[in-house]
**Q** 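Let me give you the structure first, and then I'll get to my questions.
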Amino acid sequence: MTKVLLNDVLVDEQEAKVAFNDRGYNFGDGIYEYVRIYDNKLFTAKEHFERLLRSAAEIGLDIDYTVESLTELVRKLAEANGVTDGGVYMQITRGVAPRDHPFPTPSVNPVFTAFVKAYERPFDELQNGVAIVTTEDIRWLRCDIKSLNLLGNVLAKEYATKYNAEEAVQHREGVVTEGASSNVFAIKDGVVHTHPANNLILNGITRRVIQWICDDENITFNEAPFTLEFLKNADEVIISSTSAEVMPVVKIDGEPVNNGEVGPITRKLQEGFDRYIQSHSY
Ligand SMILES: *Cc1c(COP(=O)(O)O)cnc(C)c1O
């Protein structure tokens, strides 16, 4: 029987009910996080939980959770389901109150839910690369918050699905921001370029790991905006996320990148990523 977490308690998935007036349901008023499990250990969990606490603070959501308490909860969830390789999704909403836009007064208890899913690393795609499409970024101006409001991201991903692509890379007036659920990197003349971690993108933990690898390998990591044209003319292109890892892009809007071959810097970053899985899983 699949167990999920509902307000820190393990319950059977079928019995896990949330309220009709949950603000997560009415307004998308909440935040989430997604943590990878490799070989029964949590990968970069501290970074993920710190980001969850930051997201909560940024939306004025008061929670009692700490990095330590979240780690314990997520371990308990994985263990209860016997998941040793997979991912944990968790979200916290502002709680249950009659539908009204302002925060409830007095405040109500936040609602925490989490589930775990077993899956393997995407070895085929990591080896051969994936196709992406590009689309306009229509999201709000606080994309740095991992908010439950994902309508823009959902529409972008649906567009990718419609065109048989793995991801939709978004742009604001021709400046590349990020994917619907991933960060984007253009590699040109040995330099890794990616959008600065400001309000227009979600600062991915995988993005940070890529930055660490670049530092280790003396590869220049250039955080500066670049255009769609620059992306399409790059030597190599990567998308990154907790589930996609360091994912090579071999096609953009139907046109090959690097003649459809995965390039040498990408391979170096992938090897570095494997080392970080070993050194940063606890
Ligand atoms: C979660 C997310 C990412 C990737 O972040 P990771 O921490 O690497 O998983 C990138 N962009 C968006 C919009 C996201 O929601």
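Read the numbers this way: they start at 1 and go in the same order the structure lists the ligands and their atoms. All values below were derived from every heavy atom in this structure, side-chain atoms included, with hydrogens, water molecules and symmetry-related copies excluded.
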**Q** Can you see whether Thr266 engages Glu236 through a side-chain donor-acceptor pair at a distance of less than 3.5 angstrom?
**A** yes

**Q** What residues come within 4.0 Å of ligand 1, counting heavy atoms only?
**A** Tyr32, His48, Arg51, Arg139, Lys146, Asn153, Glu178, Ala180, Ser181, Ser182, Asn183, Leu202, Gly204, Ile205, Thr206, Ser241, Thr242

**Q** Any carboxylate oxygen within less than 4.0 angstrom of a Lys/Arg side-chain nitrogen, looking at Arg54 and Asp144?
**A** yes

**Q** Report yes or no: do Tyr89 and Gln91 form a side-chain donor-acceptor pair below 3.5 Å?
**A** yes

**Q** Who clusters with Val262? Use side-chain heavy atoms, under 4.5 angstrom, across I, L, V, M, F, W and Y, and order the result by chain and number.
**A** Val250

**Q** What verdict does the salt bridge (Lys or Arg N to Asp or Glu O under 4.0 Å) test give for Arg139 and Glu178, after you've listed the backbone C-alpha separation in whole Å, the side-chain angles of each residue and the deciding distance to 0.1 Å?
**A** CA-CA 11 Å; Arg139 300 172 304 160; Glu178 63 173 335; 2.9 Å; yes

**Q** Indicate, with yes or no, if Ile213 and Leu126 share a hydrophobic cluster defined by side-chain heavy-atom contacts under 4.5 Å among Ile, Leu, Val, Met, Phe, Trp and Tyr.
**A**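 No, Leu126 does not connect to Ile213 through the hydrophobic network.
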
